[in-house]
Amino acid sequence: MDGFPILSIMLLVPLLAGIGCFFVGTNASRWLALAGTLATFALGVILWANYEIGGSQWQFTERAELFAGFSYALGIDGIALMLIMLSVFLMPICILASWSAIQKRVGEYMAAFLFMEVLMIGVFAAQDLFLFYIFFEAGLIPMYLIIGVWGGDNRIYASYKFFLYTLLGSVLMLIAMFWMVAQAGTADIPTLMQYDFPVGPQFWLFLAFFASFAVKMPMWPVHTWLPDAHVQAPTAGSVILAGVLLKLGGYGFIRFSLPMFPDASAQLAWLVFALSMVAVVYTSLVALVQHDMKKLIAYSSVAHMALVTAGLFAFNVQGLEGAMMIMLGHGLVSGALFLCVGVIYDRLHTREIDRYGGLSINMPYYALFFMLFTMASVGLPGTSNFIGEFLALAGIYQASTWVALICTTGIILGAAYMLYLYRRVAFGDQKNADAAAMLDLDKREWAMLAPIAAVVLWMGVYPESFLAPMRADIATLDARLASAAPDGDSQLQAGAPRDTIANAMARPEHEEGEGAH
Amino acid sequence: MHPILIIVFLPLVAAIIAGLGNRMLGNLAAKSLTTGALFVSAILSWPIFLGFLGGTETAEVVPVLKWVQSGSMTFDWALRVDALTAVMLVVINSVSALVHLYSWGYMEEDPDQPRFFAYLSLFTFAMLMLVTADNLVQMFFGWEGVGLASYLLIGFWFKKPSAGAAAIKAFVVNRVGDLGFMLGIFGTYLVFQTTSITEILEAAPAMSGSTIGFLGMRLYTMDILCILLFIGAMGKSAQLFLHTWLPDAMEGPTPVSALIHAATMVTAGVFMVCRLSPMFETAPTALMIVTFIGAATCFFAATIGTTQWDIKRVIAYSTCSQLGYMFFAAGVGAYGVAMFHLFTHAFFKALLFLGAGSVIHAMHHEQDMRYYGDLRKKIPITFWAMMAGTLAITGVGILGVFGFAGFYSKDAILEAAWARGTGLSQFAFWMGAVAALLTSFYSWRLMFLTFWGKPRWIESEHIQHSVHKTPAEAGEDTTGGYHPHESPVSMLVPLGLLTLGAVFAGFVYKYPFIDGSAEAVNGAFWGASIYFNENLMHALHAVPLWVKLTATFVMITGFIGAYVAYIAKPDIPAKFVASFGWLHKFVYNKWYFDELYDAIFVKPAFWIGRQFWKLGDIGTIDRFGPNGIAWVVDRSSQAAKTIQSGYLYTYALIMLLGLVAAVTWVLF
């Protein structure tokens, strides 16, 4: 792959397809978008296949100096590779999900998705601080339009809320970036990841970045844009929002906050832990009382993302790898859950949980997929989310038993709200005639759900495929954090071992009644 | 290829084909496939077990696939085969195969048979993964897998609201236990830097003096780890405080109750403690808790069993109680004895459940024993099978001659508790003795109410539907003209085979399980698979004669009590309830655990959730956050608008004010 600018081509393909969508008819734009996203996915597979595990940290690098130190620099490590794969895998599925659900301004809609794909790939591949910033912020625009134009009844409120929240943090981040470039003399991200900023300014820089990433994540208490955005967004918008956009926050922490400001991260880990603990319990309980399916899943996303932040700030390999695996697993599973909502929303045009019931009877295969993704969402071993949650919690435990205990309650609450949802939708009697008349999955819907199901199981049974590319990068990060990492509260202290077992007994002197009875 | 691979994965393959094929495959194909797979697994399991008995098999680990490597934390898919696993293999596969066969008859009229059989096989696979685990995480995989299968099977008749509720309850209550299990695994990894069971057990004794911080406390490392793991065991094995899901799990079809909620899944907790027995032996406090919880559960559940009317609930509480026996046996160090009771219990409890299913089948889905009676002659094969199960669970036998299965295993547990000789173990002994009395009482109560006395069938709504008569129309004829019918052969064959187990499992296998071998007390059978406390086993055989006879004595007392109350003087129970109403009410309502948990956990969770949502998210964060900012922006632009009036004098005034301010700033 030497010299072949595959990353640029992965940006170019959806860009051209997106431009093309403006100029072709309604149906042609659907096919063009599908072809464009599939081609990008194929390129992604080539990218992964050619990624050399154990090779140099940054691969497929491209660089063109532009002006004033700003350069077009691309390149990926294993972490970025996995997140790019997640994005390009979900995109064709999003196009399929919008196939018949979107009827107005189809060309523009498809273009918005394709531009979004460009920006998503760009944000993970960017190696220049300002290039990253452009991709990072520009990603808001297509999403803003998707919610604001093709959204539900209250779409304007939701899209403004989304924009307000996310932009607020960004401004602070941009100021911090200017300061950093002035201080370090470069906007090159790999260089900055090695640069030791003075401990004092690190604190403020960390907070500036934190403002942006915490909103994207979203962390409690800046999470309230998410339920509204999800509820109003069209199905595919929710999938991308939950599947990829939420991962930008986590990616930001792992790419910027932790390696660039390790000391500040360690100092402020308590803050992240505290917000994460609150989020797990608070949003899980809120999810329990929701009547709107999308809102419920949106709140559950906040709870799952809290495990990511807590895992990242555990400062050990399990925490970091677990956080990455949750991001990948959650991207698939919550995306799939939104698709599941979309499938029945397309039929009945309501997200009200009580309007459904007994779907296992008339939609058995739908019920099967929904069950699988529900179980994956509650972290059942054998599915993708278990690996992430288990590793992250194992990492958190080493940092703090209190945080581990509170975060692990998420597995109880998560089971409660997800199974309660499933029961109301798929179990029980068919109390609504229109819901009972709905047909099972058609071929298009199979094509959306089956690939995700396969990857969810793959990631649960053989996660090595996904862990291996990231291993060296996580190890590098862990080594960088090692000096700053705080001690855990377990503090194992050796003591003289007892020389007898707990149920030690003297040998009886008179042995009567040998043998049983 | 090692046979264990076939034993474990064949049920999975069958489950996937039957589950996905479903209606396309048809009932017969799905049933034959899954049942056939299970019989193959069962037939392959016995030679392994017999090999360990004969000393020809040795423990080994069959690797399957890499799973996770994260820093120093690694765990792989692998199948471990040793004596402990071999015992579980025969129990799981034999009972599962018979339950599959039994379900041919029991589920005959159900429209969803492929799904049912797929779930059963899936369950068996998960359970096999649990017992063959070589590391704690794979054990957790199986642990959660059986939880999933249990959830699906309890909710199998998902149209019934009660089934859906019971399924969720089972899953969520188990998750509370899993919280402990997970924290236990994390702590174990932190201390030992491995999740491999073998390595942990080797390293555990060296850690017995160390201390560790947990939630701000400083505790003995091994104690806190074992307590956390035991919380997981409490959930899965329905021990006191985490038991509430098991009775409700009876919403599932009866074959499920027999397989999952009697013979196999609920014993996973006991299996875990035995598997980790060398680790638990380094944790005296944890073992005391195991003993106490086990003893308390065996008594508590038995009391409830004496008052219930639903035939399946009586057996469910009985299971809960018997699991308590197993735990306190493990707690006092008699792991082989605990496994022995697990082994015999699997046969006779599965037999009792399947027998109850046969009765329910005969009685047109009626489960209330108040509407049974006089079924002895109508369904004689079921009767004799239930009789064998009752003789086994109550522990009928003559010292030194012959006894039914429970006679050997339960008596050995009581003897071990006595022989251990500490205050707590004596407490467990007495609790166990009282529970044995209650066991005998409720088991015979069940038998007498079901098979003896006058028929009370016409009172049952199910029967009324069948014969189209009200009790008034039926008049004197309390049968209502209903004819109970014996179950089909597919149901009777499993009953027959399990009867053999209930009769002979104790007599045949007592030496290897209790003493470890036929010749002397040396633990050769168990090898390194459990901690074998040789001195305790010697002491067990040396207990005074009265201790050995206690179980038999209370068994007879319980029988007489039940005979008097339900055959000789049937008005006694009503009189008892009349004079001790509060006590009966307390026990009949299951010590009010469900009401208590509902009041302190379930309702508050929903209430707090609503407050967080309405007052927190909407009332505070949104109000002062985005909406508040929008309001401020709106208001300030309103204000700014009024200033931009277009009148020159306004602008002149503002300019003047600005100038004054600027001058003031510069000069001062």
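Letters go in sequence order (proteins before strands), and every chain restarts at 1.
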Which atoms of [X] are under 4.5 Å from chain A, going by heavy atoms: the side chain, the backbone, both sets, or neither?
{"X": "B:Arg218", "result": "side chain"}
{"X": "B:Leu215", "result": "both"}
{"X": "B:Ala165", "result": "both"}
{"X": "B:Lys160", "result": "neither"}
{"X": "B:Met73", "result": "both"}
{"X": "B:Thr221", "result": "side chain"}
{"X": "B:Phe75", "result": "side chain"}
{"X": "B:Leu65", "result": "side chain"}
{"X": "B:Ile185", "result": "side chain"}
{"X": "B:Val173", "result": "neither"}
{"X": "B:Trp77", "result": "side chain"}

How about [X] and [Y]: do any of their side-chain heavy atoms sit closer than 4.5 Å?
{"X": "A:Met418", "Y": "B:Phe171", "value": "no"}
{"X": "A:Thr283", "Y": "B:Phe612", "value": "no"}
{"X": "A:Thr408", "Y": "B:Asp178", "value": "no"}
{"X": "B:Tyr151", "Y": "A:Met375", "value": "yes"}

Would you kindly say whether [X] and [Y] are connected by a side-chain donor-acceptor distance under 3.5 Å?
{"X": "B:Tyr189", "Y": "A:Gln398", "value": "no"}
{"X": "A:Glu321", "Y": "B:Ser70", "value": "yes"}
{"X": "B:Asp617", "Y": "A:Tyr282", "value": "yes"}

B:Tyr220 six-ring face occupied by A:Arg498 cation (under 6.0 Å, within 45°): yes

Where do B:Leu183 and A:Leu393 land on the side-chain contact (heavy atoms from CB on, under 4.5 Å) test, with the steps shown first? CA-CA 9 Å; B:Leu183 292 177; A:Leu393 290 167; over 6 Å; no

Output yes when a side-chain donor or acceptor of B:Asn535 lies under 3.5 Å from a complementary backbone atom of A:Met505, and no otherwise. yes

Taking B:Glu281 for its side chain and A:Ala502 for its backbone only, find out whether a donor-acceptor pair lies under 3.5 Å. yes

Distance (rounded to the nearest 0.5 Å) between B:Tyr335 OH and A:Asn503 CG: 5.5 Å

Describe, in one word, how the ring planes of B:Phe186 and A:Tyr397 are oriented to each other, choosing from parallel (under 30°), tilted (30 to 60°) and perpendicular (over 60°). tilted

